[in-house]
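Protein chains get the first letters and strands the later ones, always in sequence-line order, with residue 1 at the start of each. Hydrogens, waters and symmetry mates are skipped; everything else that's a heavy atom, side chains included, is used.
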There are 2 protein chains.
Amino acid sequence: MSDMPSCQFESRPRRIMMGSSGLQTDFCATCTVRPNSVCNVIDEGDISRLAEAAVETIIPPGRGFIEEGAPATDFFNVTAGTVKLFKALPDGRRQITGFAAPGHFLGLAVSDSYAFGAEAIDTVRVCRFSREKMTELLDDFPKLERRLLEEASNELVAAQNQMLLLGRKTARERVASFLLDQMRIGQPPAGNGGPCRLNLPMTRGDIADYLGLTIETVSRTLSWMRSQGMIEVGKGYAITLLSVSRLDVLASGNG
Amino acid sequence: MSDMPSCQFESRPRRIMMGSSGLQTDFCATCTVRPNSVCNVIDEGDISRLAEAAVETIIPPGRGFIEEGAPATDFFNVTAGTVKLFKALPDGRRQITGFAAPGHFLGLAVSDSYAFGAEAIDTVRVCRFSREKMTELLDDFPKLERRLLEEASNELVAAQNQMLLLGRKTARERVASFLLDQMRIGQPPAGNGGPCRLNLPMTRGDIADYLGLTIETVSRTLSWMRSQGMIEVGKGYAITLLSVSRLDVLASGNG
DNA sequence: CCGATGGATTGATGTAAATCAATGCGTTGA
DNA sequence: TCAACGCATTGATTTACATCAATCCATCGG
């Protein structure tokens, strides 16, 4: 996990001069590690305009940068690190609604306040646009709008899967689904059947809040999977999937 | 619940001649009961083009018309009735991910197969577009694309709320949240504080599958609310909210 | 009119996961 | 070096909800 974004369309991260601030910055909305990023839909000539509109921000681990209910002034594009998105009840119960990896857009609210909070898990880089600037950009770059619609659709599909998980799956099924999802996100060697090493950036508490479980249940379930030879739980945040196929059976409800 | 769509922008449903089929039909994507429908973002001159692209279909209660996993050939706009959207596990466990009322778009999949199933609850009318036609329309009507992005964003917010509900709320909180949501959808007299009569189109089973509960728990919870004087459970599908404020306290987790 | 059917309600019992509680362990900082 | 802290694991106990089961009550077809 380098915190320097790389781009499949360029040999090295591109550095440009930011308009007003004069700061150098890595590319943001136009150059991220995600294959479906706007990289491939924005014309070369438009890039500088996009970049001028953005301000890069580096957010340290644990720092919140979107507060649920606050006025939705900005729009973000994650370029490095992992962000957790969540909603909370007044008594502190918390539901993480998703994790945003590089390439994701945040703050696509229609209302004028944010519907969720966001907090950096590890060191996060975002490019920040004002909402009015964003609206301008949408008017000028139809391809960007198409891209946002695509992203929103993808998130909707993910949200539906998560609703099925939260409403109807058992603890074991939830944890198995989570591990497989994380495997599919952590692209590199892809699922060829062999063991797959994951390096999860989030704590057990985050996983619990994402899966609608408690820390203890997540921990017990991982221990059970270990006892079954399905996974290996390493030091820190490392988990190795030893039998993707058995996890698959579990996750889909056939366990 | 008349099955004839009415439109706030016209005194009576508009009837037009469908291009190829020659059938008469009520207006669809351009004229629904929802205030945020495309009604207000499509120019008058574009209406006939939109209408030509659509085929109206009437779907009887209980009939499914989108199958989870099937090739995503069509795109729909609901014009009357209520549709339930759901995902299922192989052993039959089911999660209803949402209800689509008139004005909603369905089938906004990025992948080439549907991520969810859809079934008519009561008699439903939809306008059906082929996906390729839809893509053409998006190219020609930027306002339609903006409208879809808006709708997707709204659904995303709703999905996040539902994840909080499914992951962290108790049965009582879930049912209270559901009743209040239904109240806000069933617009007419709006929440002025007094009792509010709901006519829910869905069964207890649907409610249970939407809230991640069983039929028995939904029934017991409604009975408990009745015993507390919060609601009145009428014959059939009628429920009257007697104390919106107490339901509100419950729903937000302060009960 | 009446048996069959499907939805809803209510009661008795079981259980998966939450809660309460103790321990270990790696990192941090005085 | 060694508290102090956060995070994780594991065990004992409780509980909210599911499951199993019985009954009621409309609607519907013969």
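Centroid-to-centroid, the aromatic rings of Tyr210(A) and Phe99(A) come within less than 6.0 Å.
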Quick one, Ser177(B) with Lys169(B), criterion side-chain hydrogen bond (donor to acceptor under 3.5 Å, both in side chains). Give me CA distance, side-chain angles, the key distance, then yes/no. CA-CA 9 Å; Ser177(B) 300; Lys169(B) 288 188 182 179; 3.0 Å; yes

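Salt bridge status for Glu119(A) with Arg63(A): absent, with no side-chain N to carboxylate O gap under 4.0 Å. Ion pairing of Arg93(A) with Glu173(B) is present here, as a side-chain N (NZ or NE/NH1/NH2) and a carboxylate O approach within less than 4.0 Å. Salt bridge status for Arg94(A) with Asp206(A): present, with a side-chain N to carboxylate O gap under 4.0 Å. Between Asp209(A) and Arg204(A) there is no salt bridge, since none of the side-chain N atoms of the basic residue sits less than 4.0 Å from a carboxylate O of the acidic one. A salt bridge between Glu56(B) and Arg125(B) is present, with a side-chain N of the basic residue lying under 4.0 Å from a carboxylate O of the acidic one.
Within the 4.0 angstrom heavy-atom criterion, no nucleotide atom of any strand lies near Gly236(B).
Note: Phe76(A) and Phe65(A) have perpendicular aromatic rings, judged against thresholds of 30 and 60 degrees for the angle between ring planes.
Protein chain A contacts DNA chain D over a range whose 5' and 3' limits, counting nucleotides with an atom under 4.0 angstrom from a non-hydrogen atom, are dA8(D) to dA12(D).
Contacts between residues 206-234 of chain B and DNA chain D, defined by a heavy-atom separation below 4.0 Å, involve Gly212(B), Leu213(B), Thr214(B), Glu216(B), Thr217(B), Arg220(B), listed by number. Interface residues of residues 159-174 of chain A facing DNA chain C, ordered by number: Thr170(A), Ala171(A); criterion, heavy-atom separation under 4.0 Å.
Between Ile239(B) atom CD1 and Leu222(B) atom CG the span is 5.0 Å, to the nearest 0.5 Å.
Looking at Ser252(A), its side chain does come within 3.5 Å of a backbone N or O of Asp248(A) through a donor-acceptor pair.
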